[in-house]
Visitor: 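Pasting in a structure now, in C-alpha cells, and then I'll have a few things to ask.
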Amino acid sequence: QVQLVESWGGMVQAGGSLRLSCAAAVVTFRRYSMGWFREAPAKDREFVAAISGSDGTTYYADYADSVKGRFTISRDNAKNTVYLQMFSLKPEDTAVYYCAAVGPRRSVVTNEYEYHYWGQGTQVTVSS
C-alpha cells in the first residue's frame with residue numbers, strides 16, 4: 001500500500017502561481033511512475049501531467065486550454081515527493097488536484113485507470 005498526501009493547494013488570482021506537493025509513503029518511490037490529475041466541478045477527472053519512475057521522462061496533457069507550457073511536473077526521489085509547479089494560472093484551472101502512483105513502472109502513465117494509488121486531493125481555486 002502506498003499513501004499519498006497532497007499539499008499546498010489554495011486560492012490565487014489569475015496569472016498567479018502555485019506549487020503542489022505530493023509526499024509518498026513508500027520505500028521504493030523511485031520505481032513508481034507518478035501523475036497529476038484534476039477534477040473540476042461537474043466535469044470528469046482529467047489527466048494533467050506524469051513523470052516516469054525510471055529516467056524522469058515527463059508528459060503533459062495536450063487538450064484545449066492545455067497546461068503544457070504553464071505547468072511543470074518534477075520529482076525528488078530523496079524526499080519521496082512529486083511536485084506540480086503551476087504558472088500563469090487561469091480560472092479554468094480551478095479544480096481538485098490529485099496525485100497518483102503506479103509501480104514498479106518505468107514508463108510514463110497517462111491513463112488514470114492504470115494508477116493503483118491516489119491521494120485525497122487538494123483544492124486549487126483561481127479567481128478572475
Side-chain angles (χ1 to χ4, degrees):
Q1 191 76 7
V2 177
Q3 290 188 327
L4 302 173
V5 179
E6 301 98 335
S7 56
W8 300 112
M11 183 177 292
V12 65
Q13 289 187 331
S17 302
L18 283 174
R19 188 175 82 154
L20 306 182
S21 297
C22 173
V26 62
V27 174
T28 55
F29 175 74
R30 68 183 185 280
R31 296 184 180 181
Y32 282 75
S33 286
M34 303 295 296
W36 285 97
F37 292 78
R38 67 185 182 185
E39 186 171 344
K43 293 187 178 181
D44 293 332
R45 186 161 57 189
E46 64 182 9
F47 168 74
V48 174
I51 187 165
S52 69
S54 56
D55 58 1
T57 298
T58 59
Y59 189 85
Y60 296 92
D62 192 20
Y63 45 72
D65 296 327
S66 177
V67 303
K68 195 172 183 179
R70 299 189 296 120
F71 291 8
T72 301
I73 187 171
S74 61
R75 65 191 298 159
D76 185 337
N77 290 336
K79 295 182 179 180
N80 283 15
T81 300
V82 63
Y83 304 97
L84 185 68
Q85 177 71 59
M86 305 184 291
F87 297 103
S88 302
L89 283 162
K90 305 175 182 180
E92 49 264 45
D93 293 318
T94 295
V96 177
Y97 283 72
Y98 298 89
C99 75
V102 58
R105 185 72 68 93
R106 289 181 173 271
S107 61
V108 167
V109 178
T110 63
N111 186 336
E112 65 176 294
Y113 298 105
E114 294 189 47
Y115 281 92
H116 299 158
Y117 307 103
W118 292 83
Q120 82 287 352
T122 186
Q123 176 70 47
V124 171
T125 302
V126 184
S127 61
S128 58

Visitor: State yes or no: do Val2 and Ile73 share one hydrophobic cluster built from I, L, V, M, F, W and Y residues joined by side-chain heavy-atom distances below 4.5 Å, directly or via other members?
Guide: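 In one cluster with Val2: Ile73, yes.
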Visitor: Consider only side-chain heavy atoms of I, L, V, M, F, W and Y, link residues closer than 4.5 Å, and tell whether Val109 and Leu4 are in one cluster.
Guide: no
Visitor: Same cluster or not: are Val124 and Tyr83 linked, directly or through other Ile, Leu, Val, Met, Phe, Trp or Tyr residues, by side-chain heavy atoms under 4.5 angstrom apart?
Guide: no
Visitor: Report the distance from atom CG of Asn77 to atom CZ of Arg31, rounding to the nearest 0.5 Å.
Guide: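 That separation rounds to 11.5 Å.
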Visitor: Could you check Leu18 against Leu89 for side chain to side chain contact (heavy atoms under 4.5 Å, CB included), going step by step and ending with a plain yes or no?
Guide: CA-CA 8 Å; Leu18 283 174; Leu89 283 162; 4.2 Å; yes
Visitor: Got a second to check how far Arg75's CZ is from Ser33's OG, nearest 0.5 Å?
Guide: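 Atom-to-atom, Arg75:CZ and Ser33:OG are 7.0 Å apart.
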Visitor: Taking the side chain as C-beta and beyond, is there a heavy-atom pair between Pro91 and Ser128 under 4.5 Å?
Guide: yes
Visitor: Looking at every non-hydrogen atom in both residues, tell me the closest pair between Ser107 and Ser52 and how far apart they are.
Guide: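 Shortest heavy-atom contact: C-CB, 3.8 Å.
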Visitor: Do Tyr59 and Phe37 belong together in a cluster built from hydrophobic side chains that touch within less than 4.5 Å?
Guide: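 They do share one cluster, since a chain of ILVMFWY contacts under 4.5 Å joins Tyr59 to Phe37.
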Visitor: Let me know which of Asp93, Thr122, Thr94 forms a side chain to side chain donor-acceptor pair (under 3.5 Å) with Arg38.
Guide: Asp93
Visitor: Is any side-chain heavy atom of Leu84 closer than 4.5 Å to one of Val48?
Guide: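 Touching, per the 4.5 Å side-chain cut-off.
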Visitor: Should we say atom CD of Gln85 is surrounded by more than 12 heavy atoms from elsewhere, each under 6.0 Å from it?
Guide: yes
Visitor: Any side-chain heavy atom of Met86 sitting closer than 4.5 Å to one from Leu20?
Guide: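 Yes, their side chains come closer than 4.5 Å.
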Visitor: Please work out whether the ring planes of Phe71 and Tyr97 are parallel, tilted or perpendicular, with thresholds of 30° and 60°.
Guide: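 Phe71 vs Tyr97 ring planes: tilted.
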Visitor: Take a 6.0 Å sphere around CG of Asp44 and say whether it holds more than 12 heavy atoms from other residues, nucleotides or ligands.
Guide: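 No, CG of Asp44 has 12 or fewer neighbouring heavy atoms, counting only those of other groups under 6.0 Å.
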Visitor: For Gln123 and Met11, run side chain to side chain contact (heavy atoms under 4.5 Å, CB included): C-alpha distance rounded to whole Å, both residues' side-chain angles, the deciding distance at 0.1 Å, then the answer.
Guide: CA-CA 8 Å; Gln123 176 70 47; Met11 183 177 292; over 6 Å; no
Visitor: So, taking the atom named CZ in Phe29 and the one named OG1 in Thr81, what distance separates them when rounded to the nearest 0.5 Å?
Guide: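 These two atoms lie 6.5 Å from each other.
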Visitor: Centroid separation under 6.0 Å, is that true for the rings of Tyr60 and Phe47?
Guide: no
Visitor: Can a donor-acceptor pair be found, under 3.5 Å and without considering hydrogens, that links the side chain of Asn80 to the backbone of Val26?
Guide: yes
Visitor: CD/Glu112 to CD/Glu39 distance, rounded to the nearest 0.5 angstrom?
Guide: 8.5 Å
Visitor: In the structure I gave you, are the side-chain heavy atoms of Glu114 and Arg105 within less than 4.5 Å of one another anywhere?
Guide: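 Yes, close enough: below the 4.5 Å cut-off.
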Visitor: Are Ile51 and Trp36 connected in the hydrophobic side-chain network, where two residues link if heavy atoms are under 4.5 Å apart?
Guide: yes
Visitor: About how many Å separate OG of Ser127 and CD of Gln13, when rounded to the nearest 0.5 Å?
Guide: 5.0 Å
Visitor: Do the side chains of Glu6 and Tyr98 get nearer than 4.5 Å, heavy atoms only?
Guide: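 The answer is yes, as the side chains (C-beta and beyond) meet within the 4.5 Å cut-off.
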Visitor: Which word best sums up how the rings of Tyr32 and Tyr117 line up, parallel for under 30°, tilted for 30 to 60°, or perpendicular for over 60°?
Guide: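 Answer is tilted, since the angle falls between 30° and 60°.
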